[in-house]
Amino acid sequence: MSRHEVIIEVSISLLIAFATGALVLTILGFNPGEVYSVLFKYGYSNLNYLLSKSAPYIMTGLAFSIPAIAGVFNIGGESQLYVGAFLGLLTAYYTGNPILALIVGALAGGALALFIALLRVYRGINEVITAIMVNWIFYYLLAYLIAGKFYNPQYSHESVPVPPSARVPSLAIFVIAVAVALAYYYLLYFTDLGYKLRVSGISPASARYAGFEPAKSVLTSMLLAGIAAGLGGALLVLGITYSIDDTLTAIYGIGFMGIGIGLLGRNHPIGIIFSSIFMSGLVIGGQWVELKTGAPPELADTLIGVIVIALAVPYAYSMLVRKIRGEAK
Amino acid sequence: MIGDILNILSNTLFSMVPLTLAAVGEIITEKAGVVNIGLEGIFILSAFTSTVVTFYTGNPYLGLLLGLLVGALAGVLHGVISVYLKGDQIIAGVGFNSFAYGISLLSLVAIWHSHGSSPRVNKIVTLSFGDFSFSPLAVVAILVGILAWWWLEKTPSGLKLRACGEDPKAAEAMGVNVYRTRFYATVIGGALTGLGGAYLVVGWIGQFTKFISAGRGFIALANVAFSNWNPLMAIVGGLIFGFFDALSIYIPIKIQGMTGRVITAESNLFRTIPYVATLVIVAIIMKKVKTPRALGKPYIKE
């Protein structure tokens, strides 16, 4: 598919999403014009906040897309982000060393993703089911650990904090995330391993013929994905929230959002950087919308849902193009 | 002791209903060759719809009916996307889950100005025999499972439906309309899941809460694999997964009752039981299952 066809396809999905959103808002008694103008005016005005908030999204976007390119559906970015955030936090709390904390977070996410990949390769278990179960297990496990073990004595609904020495400047987390995205881009499109991963996604049979077992691409792509998501969690805690609350409010949903971000970025690392910034603005704007109009921030989830559904139908899009071209003749 | 056992059995029967209904619905959908992983979203949307309808009419049976209809409508949407537009079924399902979660919370705020839960609404009747109680929908779920098995395995139309999921080209050659069969199968699957979702509120919990489905849509999907696409086994699977769900709710309440200590933090630990159990069960049995051959692949006529 050519570059401008991609742009048209993504634009159509966004258009459908915002039209559906407007319809929903109208039905629920909100003024869509007002909601959207607040969303875009405030969502994208604070550049520093916009970029830093997009860093974890870039990472979960990669966590979805790298396996997707290799033909694996990683819906477990959520729990991979959780373990990265939590173990990154603990490392930061006990050592005060941000670099160590980021590494531990990334490895924790990688290990969890590898577990899902191993179950798929050696037990034939569908990665979607495993990942969702793992997401819930870690959601509750983390809620338990934060409320029961690692709580902050001063604010009992929060975890222990990231000490000032281990905090990462907000713009630095964006730079780190972009650097990882570029590294993944290089890996995918300019190395032998990347070529093998991409071939496995298009045709497992050809990959096998070229001497690369599909099982290897499942394991490798999931390890890369988990490292990204785990690092995303650590970046979030070290650069934005500095602690985790016991209902996981600030970290819940970022992994799921990675699916929409990956698809919107057309599973391309560079595209993901841009779609993350776009989504980051939607989320920030959503918070302002709540403040200004009372419409809840879950508007962003609704829009992302419709965007994803619309992006699931490229065949319909190509039919549409054929029809328009056919009639134009 | 007897009381405890009856209590857990009761809760197992309450919990098995959505897990069985959705799994049987999904078996019908998947046997025809379409995979719908939007079950979680259907649970949420139909649970919310039935709450709204019951709140305004006071009639939980109407709530149940409209929940079923919303599930069927979701099936129509998924059917159009996967069968006629040949979209990516997994991605469409994921998008639908996110959409349903978002729109139900948007509506929760718009209608009741609450971010967490709706007011309590009327529930359908519960059958009680001393300490032992269950919902009539548990009976319905079991009957639906038996009926679905009989339909799929013993009738000509069931055979045609299965052919669409195994070898759509051959089915077409037999004179079966693959598109229409797959579409209807998806709608039926959505309707049964919708019934399960509505039941979450009007048959069981009594109000809509933010995480009401809590991954049950995916446990139902695990139940499909567990049952090896056999509706009778999906009833058994519903009972097994329902048992662990019941256990995870029962244990913390019991500990709190015995020790008098509030165990909010620890109760989170017990909430992991159904998901760990699902993972373990699926890991043990999954090697042996046989997926419909054409599952998830759009059928394109030449």
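Keep in mind that this is a model prediction, so the values were computed, not measured. Per chain, numbering begins at 1; letters A, B, ... match sequence-line order.
- In terms of non-hydrogen atom pairs under 4.5 Å with chain B, the most contact-rich of A:Ala143, A:Ala68, A:Gly29 is A:Ala143.
- Between chain A and the options B:Ala222, B:Ala214, B:Ala92, the largest number of non-hydrogen pairs under 4.5 Å is found for B:Ala214.
- At a 4.5 Å heavy-atom cutoff, the contact between A:Phe30 and chain B is made by side-chain atoms alone.
- Inter-residue side-chain proximity for B:Ile91 and A:Phe73 is flagged as met; some heavy-atom pair is nearer than 4.5 Å.
- Looking at B:Thr272 and A:Tyr144, their side chains never come closer than 4.5 Å, going by heavy atoms from C-beta outward.
- At distances below 3.5 Å, not a single donor-acceptor pair connects side-chain atoms of B:Ser98 with backbone N or O atoms of A:Ile304.
- Looking at B:Ile273, there are no atoms closer than 4.5 Å to chain A (heavy atoms on both sides), in backbone or side chain.
- Of the listed residues (B:Val276, B:Ile81, B:Leu269), the one with the most heavy-atom contacts under 4.5 Å to chain A is B:Leu269.
- Between chain A and the residues B:Ile37, B:Leu77, B:Ile103, B:Ile111, the most heavy-atom pairs under 4.5 angstrom are made by B:Ile103.
- Atom CH2 of A:Trp288 is surrounded by 12 or fewer heavy atoms from other residues, nucleotides or ligands within 6.0 Å.
- Heavy atoms of B:His115 lying under 4.5 Å from chain A belong exclusively to its side chain.
- Residue contact with chain B, scored on non-hydrogen atoms closer than 4.5 Å, involves the backbone and the side chain of A:Leu28 alike.
- Panel note: side chain B:Arg271, backbone A:Tyr140; no donor-acceptor pair is recorded below 3.5 Å.
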Take A:Ile137 and B:Leu279 through the test side-chain contact (heavy atoms from CB on, under 4.5 Å) and record every step on the way to the result.
CA-CA 10 Å; A:Ile137 291 168; B:Leu279 207 54; 4.1 Å; yes
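- For chain B, the nearby part of A:Tyr252 is the side chain; its heavy atoms alone come within less than 4.5 Å.
- In this structure, the side chains of B:Ile219 and A:Met133 come closer than 4.5 Å at one or more pairs of heavy atoms.
- B:Leu106 is listed as a side-chain neighbour of A:Leu299, based on a closest heavy-atom distance under 4.5 Å.
- Contacts between A:Ile132 and chain B at a heavy-atom distance below 4.5 Å involve the side chain alone, from C-beta outward.
- Between chain B and the residues A:Leu119, A:Val308, A:Ile125, A:Leu145, the largest count of heavy-atom pairs under 4.5 Å involves A:Ile125.
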If you apply the rule side-chain contact (heavy atoms from CB on, under 4.5 Å), what do you find for A:Ile309 with B:Phe96, and how did you get there?
CA-CA 7 Å; A:Ile309 296 173; B:Phe96 184 75; 4.2 Å; yes
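- Using a 4.5 Å cut-off between heavy atoms, A:Ile307 makes no contact with chain B at all.
- Proximity to chain B (any heavy atom under 4.5 Å) is restricted, for A:Leu263, to the side chain, taken from C-beta onward.
- Within 6.0 Å of OH in A:Tyr155 there are 12 or fewer heavy atoms belonging to other residues, nucleotides or ligands.
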Full working for side-chain contact (heavy atoms from CB on, under 4.5 Å) between B:Phe218 and A:Val128
CA-CA 9 Å; B:Phe218 287 94; A:Val128 174; 3.9 Å; yes
In sequence, state the C-alpha distance, the side-chain angles, and the governing distance for A:Tyr139 and B:Tyr275, and then conclude on side-chain contact (heavy atoms from CB on, under 4.5 Å).
CA-CA 11 Å; A:Tyr139 176 85; B:Tyr275 312 108; over 6 Å; no
